[in-house]
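The next block holds one structure in the form of C-alpha cells; read it before the comments.
None of these values were measured; they are calculated from a predicted model. Each chain gets a letter, A, B and so on, in the order the sequences are listed, and its residues count up from 1. The basis for the numbers below is simple: all heavy atoms, side chains too, and nothing from hydrogens, waters or symmetry mates.
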2 protein chains.
Amino acid sequence: MSEMGDTVDPLSLENQVCFALAVASRSVIGLYRPVLEPMGLTHPQYLVMLALWESAPLSVKDLSGLLQLDPATLSPLLKRLEAAGFVERRRVSTDERSLAVTLTDTGRALRAEAEKIPATIVERLGMDVAELQDLHKALTRVIAAATR
Amino acid sequence: MSEMGDTVDPLSLENQVCFALAVASRSVIGLYRPVLEPMGLTHPQYLVMLALWESAPLSVKDLSGLLQLDPATLSPLLKRLEAAGFVERRRVSTDERSLAVTLTDTGRALRAEAEKIPATIVERLGMDVAELQDLHKALTRVIAAATR
DNA sequence: ACGGAGTAGTTAGTACACTAATTGTTAGTG
DNA sequence: CACTAACAATTAGTGTACTAACTACTCCGT
C-alpha cells in the first residue's frame, strides 16, 4: 500500500544528515564569531585554549588527540596563538621531538573573559539546555560510530 | 544537597556542543572522502551536485541560499566543478548579473554513481536509520535557532 | 655502539569558508 | 532621462583542514 508520499529521495539535499551536520556546525560556530573576535580568537583557537585551560601543558600530539585535528592543522594555529601572546611553545628537554604548549599569563587571564561565553551562546541560541544535552549525546554517538 | 559530582565545568571541552558539532561534522565528512574521491568530488562539491541534480539550473545566489554558503566560497568551487567537466557556467541573458549553473551530460551521468552513496555511508556508520532521523531533526532545530 | 624502525612536528600543496572590497548590471527615483 | 542605490558575482586576504613528503630525534636489537 505504498503511496507517492511515502517515497523519499535518498539524494535530496534536505535528507542528508551530513549536510545538516555541516550547516549546523558552521551556523553555531558563526554564533561564536562576534563573541570570540573581540577576544582575538577564532573558534578552533578557542577550542585549543579550552583544552589548555583544562590541562596545560599539552603536546601537539595531545592536542591532536583531544581535538581530533591533524598535527599539520595545529602547527600553524599554535604559532598564531603564540604570536598573539596567549601561548608558549618549547621543546621538551627529555624528548626533543615533543613540543610543550603552555599558557602565558595573558593566556591564563583570558579564561576569565571566556567564562561568560557558554551562557551567551546558549542565550543567543534560545534552546532548552535539556535539548542541547540530548543533541550532545546524539553527536557523541555519531562521533563514536564515524571514528570507529 | 549538591555534591562535587554535580558541578559541571561550563568551559570543559567535553561539555561543548560546538565542539561535538565540529568533530561530528568533520568525522562524517571524512567517511565520505574515500567514496567521493574516486568520483572526483569533495564533500562541498557533492552537496552542490545534489542541489543541481534536484533542480538545475541554479544561480550562485540560489546555491548560496540552499547550501548556506557564501557566494565567495561557491565562486571558485564552481569553477573547479566546471574544470572537472560536471557543470557549465553561463550568464543569464535576461539578467547579465546572474550566473546560470547547469549540468553537463557527464555531470548528469554522475548521479547514477552517487545513488549508492547514502546506503554506503549509513552502512559504514552502522547506526539505526531511526536514530539518524532523530539526529537530523535535532540538527534542523539547531540550524533554525542559530540562523534566526 | 650503531643502524634502522618508529615517532613528533613541520612544510608544501590543494580546497574550503569567511569578511571586505571591487566590478559590472539592473532598477528605482527625482 | 540621469543618477544613484541595490544587487550578483568575483577577487583579495586570512585562517582552517586534509594528504603527502620531510626533518629531527628516540629507541630497540644486535
Flag side-chain contact, heavy atom, 4.5 Å: A:Leu36 against A:Gln45: no
Point-to-point distance, once rounded to the nearest 0.5 Å, from CZ of A:Arg141 to CD of B:Glu131: 4.0 Å
Length of the CG-C1' vector between B:Leu77 and C:dT14, whole Å: 13 Å
Sugar-phosphate only, base, or nothing, as touched by B:Leu74 at under 4.0 Å among non-hydrogen atoms: nothing
Spatial distance of atom CG (A:Leu66) from atom CG (A:Asp62) [nearest 0.5 Å]: 6.5 Å
Contact nearer the 5' end of DNA chain C, comparing A:Pro71 with B:Arg80: A:Pro71
Interatomic distance, B:Asp62 CG vs D:dC7 P [rounded to whole Å]: 15 Å
Value in whole Å for how far the P atom of D:dG15 lies from CG of A:Leu78: 14 Å
Length of the CE-P vector between B:Met49 and C:dC16, whole Å: 13 Å
Side-chain ion pair, A:Lys137 and B:Asp134, N-O less than 4.0 Å: no
Distance, rounded to the nearest Å, where B:Tyr32 contributes OH and C:dC16 contributes C1': 18 Å
Nearest-Å distance for atom pair CZ/P, residues A:Arg91 and C:dT7: 17 Å
DNA chain D-proximal residues of residues 141-148 of chain B, any heavy atom under 4.0 Å: none
Sugar-phosphate or base contact per nucleotide [nucleotides 18-25 of chain C; S, B, -; heavy atom under 4.0 Å]: BBB---BB
Bend angle of the helix from C:dA1-D:dT30 to C:dG30-D:dC1, from helix axes over five pairs at each end, nearest 10°: 10°
Whole-Å gap separating P (C:dA17) and CG (A:Leu21): 13 Å
Any B:Pro118 side-chain heavy atom under 4.5 Å of A:Leu11 side chain: yes
C:dG9 OP1/OP2 closer than 4.0 Å to side-chain N/O of A:Arg90: no
Any B:Lys79 side-chain nitrogen or oxygen under 4.0 Å from OP1 or OP2 of D:dT11: yes
Phosphate-side-chain proximity, A:Ser98 and C:dG9, N/O vs OP1/OP2 below 4.0 Å: yes
Whole angstrom value for the distance that separates C1' of D:dC7 from CG of B:Leu99: 14 Å
Within one Ile-Leu-Val-Met-Phe-Trp-Tyr cluster: A:Val48 and A:Ile29, side-chain cutoff 4.5 Å: no
Qualifying residues under ring pair (Phe, Tyr, Trp, His ring centres under 6.0 Å), relative to A:Tyr32, sequence neighbours excluded: A:His43, A:Tyr46
Interatomic spacing from OG in B:Ser59 to CG in B:Leu99 - rounded to 0.5 Å: 8.0 Å
N or O in side chain of A:Ser59 less than 4.0 angstrom from C:dG9 OP1/OP2: yes
Gap between atom CD of A:Glu115 and atom CG of B:Asp9 - 0.5 Å precision: 8.0 Å
Co-membership, hydrophobic cluster, residues A:Ile117 and A:Val129, 4.5 Å side-chain: yes
Side-chain heavy atoms of A:Pro44 within contact of A:Arg80, under 4.5 Å: no
Main-chain N/O of A:His136 paired to A:Thr140 side chain as donor or acceptor, under 3.5 Å: yes
Sorted by number, the residues of residues 35-43 of chain A with heavy-atom contact under 4.0 Å to DNA chain D: A:Thr42
Residues forming a side-chain contact (heavy atoms from CB on, under 4.5 Å) with A:Arg108, sequence neighbours excluded: A:Leu103, A:Asp105
Any donor-acceptor N or O pair under 3.5 Å, side chains B:Thr73, B:Asp70: no
